[in-house]
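One structure below.
Not measured: the values here are computed from a predicted model. Residue indices begin at 1 and follow the sequence shown.
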Amino acid sequence: METRDSKKLMSKTLLMILMLIAASHIASSQHRYVQTRGEAAFDGFDLVSYFTSAKPVKGNPSYKYEYDGLTLLFASKENLEIFKKKPYDYLPAYGGYCATAVSSDRYVIPNFESYAIQNEKLLFFEVQGFFNGKTQWEKDPQLFEILADKHYREEFVEKDPKN
C-alpha cells in the first residue's frame, strides 16, 4: 500500500519528467553547436569572460568574430585576441548544449548563465521549472562527463565525414 508521501513524490517526479520532455528543445536535425535565435552564438556572451570574470559578460558587436560557422561577440579586443590564439580552450564542451542533457543523449538549449568549468572545459546547463541541470551534474560530475563525451562523440564526431 502506497503512502501519501510516496504518491506525492511519484507525482512530482512524473511532473518533472513531463516538463523535461516538453522543455527539451531537441532539434530534428542536430547541429554541432547549439543554435539560438539571436545573431550571436551563445546568446552573445563573451566566451573568454567565463574563464576570466566572476560572471560571464555579454560581448560587444564591435568585437565580432566568425569562427566555425559561429558569430561570436567579445567584450574587448583583448578577449577577442585571446580567443583567436586558442579557440578550442574557450569553446564550450558539447557544442554549447546542456551538458547534463547530452549525458542522456538529448540536445537541449541551456541557460548560458548556468555554467561550470570542469577539467578546463566550459559546460552549460539548462534550467527549466524544478529542474536544474547544473545541480544534477554536480551529483556525479565524472559519470556525467563520461556519458556526455560518449554521446556527443557518437552524434557529431563519428558521424562527421571530415573525421
Side-chain angles (χ1 to χ4, degrees), residues 20 22-129 131-138 141-163:
L20 286 173
S24 294
H25 305 284
I26 300 172
S28 56
S29 65
Q30 298 298 340
H31 299 280
R32 183 179 187 116
Y33 296 104
V34 67
Q35 302 293 303
T36 56
R37 289 197 169 98
E39 177 184 318
F42 314 115
D43 278 352
F45 281 98
D46 175 338
L47 294 176
V48 174
S49 74
Y50 287 96
F51 294 87
T52 60
S53 302
K55 66 181 203 169
V57 177
K58 286 281 191 168
N60 181 329
S62 298
Y63 305 109
K64 185 188 319 188
Y65 184 64
E66 300 293 326
Y67 181 84
D68 200 17
L70 299 170
T71 300
L72 302 171
L73 300 181
F74 295 91
S76 66
K77 184 174 182 175
E78 178 185 34
N79 281 5
L80 170 57
E81 295 305 319
I82 289 170
F83 178 83
K84 283 180 176 181
K85 288 178 185 172
K86 293 186 174 184
Y88 285 104
D89 287 356
Y90 299 99
L91 286 169
Y94 317 120
Y97 290 100
C98 170
T100 305
V102 173
S103 74
S104 299
D105 203 19
R106 297 181 309 116
Y107 298 87
V108 176
I109 296 172
N111 175 329
F112 297 103
E113 294 181 74
S114 180
Y115 72 98
I117 308 289
Q118 180 177 313
N119 298 327
E120 299 180 22
K121 292 193 279 186
L122 173 59
L123 307 172
F124 290 128
F125 302 97
E126 97 181 280
V127 178
Q128 292 287 337
F131 181 78
N132 182 319
K134 183 176 181 183
T135 303
Q136 185 68 25
W137 182 275
E138 289 171 346
Q142 288 76 25
L143 175 62
F144 283 112
E145 182 178 26
I146 289 167
L147 293 171
D149 286 351
K150 173 188 178 297
H151 292 300
Y152 190 78
R153 185 177 55 253
E154 289 173 353
E155 183 65 34
F156 296 104
V157 179
E158 293 173 5
K159 290 181 180 178
D160 190 341
K162 294 182 275 183
N163 293 327

Could you measure the distance from the OG atom of Ser103 to the CG atom of Leu123? Nearest 0.5 Å is fine.
11.0 Å
Neighbour count >12 (heavy atoms, 6.0 Å) for atom NZ, Lys121:
yes
Per side-chain contact (heavy atoms from CB on, under 4.5 Å), Ile82 is matched among Tyr90, Phe51, Phe74 by Tyr90
Got a sec: does the CD of Glu78 have more than 12 other heavy atoms crowding it under 6.0 Å?
no
Step through it carefully: locate the ring centre of Phe144, locate the ring centre of Phe125, and say whether they are under 6.0 Å apart.
no
Shortest non-hydrogen contact from Gly133 to Thr100?
O-OG1, 2.7 Å
Is a side-chain donor or acceptor of Lys55 paired with a backbone partner of Glu113 at a separation under 3.5 angstrom?
no
Close side-chain approach of Tyr94 and Asp149, heavy atoms under 4.5 Å
yes
CD of Gln136 to NZ of Lys134, rounded to nearest 0.5 Å, is 14.0 Å
Quick test of your reading of the model: are Lys77 and Glu81 salt-bridged, counting only N-O distances below 4.0 Å?
no
Residues forming a ring pair (Phe, Tyr, Trp, His ring centres under 6.0 Å) with Tyr115, sequence neighbours excluded:
Tyr50
How about Tyr67 and Phe83: are their ring centres within less than 6.0 Å of each other?
yes
Looking only at heavy atoms, what is the nearest atom pair of Ala101 and Val108, with distance?
CB-CG2, 3.6 Å
Drop me the distance from Thr71's OG1 to Glu66's CD, to the nearest 0.5 angstrom.
3.5 Å
Can you list the steps and then say if Leu91 with Asp68 is a side-chain contact (heavy atoms from CB on, under 4.5 Å)?
CA-CA 11 Å; Leu91 286 169; Asp68 200 17; 5.7 Å; no
Name the orientation class of the two ring planes belonging to Tyr97 and Tyr107 (parallel below 30°, tilted from 30 to 60°, perpendicular beyond 60°).
perpendicular
Closest heavy-atom contact between Arg32 and Tyr152?
O-OH, 2.7 Å
Does some side-chain heavy atom of Leu47 sit less than 4.5 Å from a side-chain heavy atom of Pro92?
yes
What one should report as the nearest heavy-atom pair of Pro110 and Gly96 is CG-O, 3.1 Å
Between Leu122 and Ile117, is the side-chain contact (heavy atoms from CB on, under 4.5 Å) condition met? List the steps.
CA-CA 5 Å; Leu122 173 59; Ile117 308 289; 3.8 Å; yes
Using only atom types and a distance under 3.5 Å, with no angle test, would you say the side chain of Gln35 pairs donor to acceptor with the backbone of Tyr33?
yes
The reported gap from CG in Asn79 to CG in Leu72 (rounded to nearest 0.5 angstrom) is 12.0 Å
Step-by-step side-chain contact (heavy atoms from CB on, under 4.5 Å) determination, Asp105 to Lys150
CA-CA 9 Å; Asp105 203 19; Lys150 173 188 178 297; over 6 Å; no
Would a distance-only check, ignoring hydrogens and angles, find a side-chain to backbone donor-acceptor pair under 3.5 Å from Asn60 to Ser62?
yes
Identify the heavy atoms of Ser49 and Pro56 that sit nearest to each other, and give their distance.
OG-CA, 3.5 Å
Can you see whether Asp46 engages Tyr63 through a side-chain donor-acceptor pair at a distance of less than 3.5 angstrom?
no
Hey, can you tell me if Phe112 and Phe42 have their rings parallel, tilted or perpendicular (30° and 60° cut-offs)?
perpendicular
Min side-chain heavy-atom separation Phe156-His151 under 4.5 Å
no
Rounded to the nearest 0.5 Å, the OG atom of Ser114 sits from the CZ atom of Phe124 at a distance of 9.5 Å
